[in-house]
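The basis for the numbers below is simple: all heavy atoms, side chains too, and nothing from hydrogens, waters or symmetry mates.
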Amino acid sequence: MKFARKARAGAIVAAALSVALVATGCAAGDSGDGGDGGDGGNLSITFLPKNLGNAYFDTSNGGGEEAISEFGGTYAEVGPTEATPDSQVSFINTLTQQGVGAIAVSANDPEAICDALNEARDAGVKVVTFDSDTNPDCRDVFINQATAEGIAKIEVDLIAEQIGNAGEIAILSATANATNQNAWIELMKEELAANYPDITLVEVVYGDDDDQTSFDKTAALLQTYPNLKGIISPTTVGISAAARYLSTSEFKGKVALTGLGTPNQMREYVEDGTVTAFALWNPADLGYLAAYAAKALIEGEITGAEGDTFDAGKLGSYTVGADGVVLLGDPYVFDADNIGDFDF
């Protein structure tokens, strides 16, 4: 898979402009029709992120709100303040009791919320996972931001380029149970072993998708490993916290940092030289696609079977793949040459 740094910029800029509209409050939430729309299905769709107050999920859920406004559904967001394995269970149970049409959830743990989700499905609630999946038998479809292999490869390739293909690196992840990060980390290890024998992964640490914890973990890594050459942080909270630490430390310009972040979070650190390049998909598009998938499930357009197709508004038509997975697209690399073109 190829990851063009500047190709497709026009398309992504257009997408980013739509995100900016969402971020400034141009998307409406409630349809005013009690959640019924389309073909008469219950288009009351609630987004359940890993935790509230997370800039990444603010953006992705904003994309969901935009989509739901377009097709006349009712948008809501609920969630825990901390991204612990079972913190989403009570919210799922409440949404089931309320009889929502669908839940769009980014799972903190692949197993911990399965019983609650299957009870919701038994009650007629459609379940879409996005960003971080559960076990496939706990949901109807999973909206995957990009292939795990593609995400792992771009992060390893970026850090390798920035440290000259040799030296010690560490990974600053989200929670220890996060499905998506754990899959990426295992593939990163495989990529390092296969193609970068002179790079040594010394440790994987977890910032729990909390800014201060991630900041502290960054400091601890640099104290523990004086020869550390780079850090990969496959989480938007982690990479911005690590960049904040590095930007005012003696390690600025000496220890490379890459991973997954949003342009608005990372712009100052790219412009001041703390970070050379990082990657991400468009999180607003991820939420937008999740909302349209929920609509398609509610209205019976798809069941989650491989080969099902559905319309996703401005994003076009999508096809459900194996195991009920719908792929948004490829990651994109942001650097000093293009970061000024984006606003999300």
### Task
Kindly indicate whether the side chain of L260, heavy atoms from C-beta on, has any atom under 4.5 Å from the side chain of W184.
yes
### Query
Does a side-chain N-to-carboxylate-O contact under 4.0 Å join K295 and E70?
no
### Message
Just so I know, are the side chains of P110 and N135 near enough to count as touching, which here means a heavy-atom distance under 4.5 Å?
### Response
yes
### Query
Less than 4.5 Å apart, any side-chain heavy atom of L228 and any of V202?
yes
### Derivation and outcome, side chain to side chain contact (heavy atoms under 4.5 Å, CB included), residues Q145 and I151
CA-CA 9 Å; Q145 53 271 63; I151 293 168; 3.9 Å; yes
### Message
Distance check, rounded to the nearest 0.5 Å: E186 atom CD versus N182 atom CG?
### Response
7.5 Å
### Query
So do L192 and I169 actually touch side chain to side chain, heavy atoms under 4.5 Å?
yes
### Task
Using ring-ring contact (aromatic ring centres under 6.0 Å, His included) as the criterion, point out the one residue from F57, F130, Y288 that pairs with F47.
F130
### Query
Does the side chain of N177 pick up a donor-acceptor pair with the side chain of T175 at under 3.5 Å?
no
### Message
Less than 4.5 Å apart, side chain to side chain, heavy atoms only: is that true for I92 and E119?
### Response
no
### Task
Find out whether V326 and F310 are in side-chain contact, i.e. whether some heavy atom of one side chain is under 4.5 Å from a heavy atom of the other.
yes
### Query
Are any of the side-chain heavy atoms of F278 and I239 separated by less than 4.5 Å?
yes
### Query
Going from CG on N54 to OG1 on T235, what distance comes out if it is rounded to the nearest 0.5 angstrom?
7.0 Å
### Query
Can you tell me how far OG of S214 sits from CG of L172, rounded to the nearest 0.5 angstrom?
5.0 Å
### Message
So that I know where these two stand, are F342 and Y332 an aromatic pair - ring centroids less than 6.0 Å apart?
### Response
yes
#### Entry: From S44 atom OG to I298 atom CD1, the distance as rounded to the nearest 0.5 Å
8.0 Å
### Query
Is E82 atom CD crowded by more than 12 heavy atoms from other residues, nucleotides or ligands, each under 6.0 Å away?
no
### Query
Are the side chains of I45 and V128 in touch, meaning some heavy atoms are under 4.5 Å apart?
no
### Message
For Y56 and D209, which I'm curious about, is there any donor-acceptor pair between the side chains at under 3.5 Å?
### Response
no
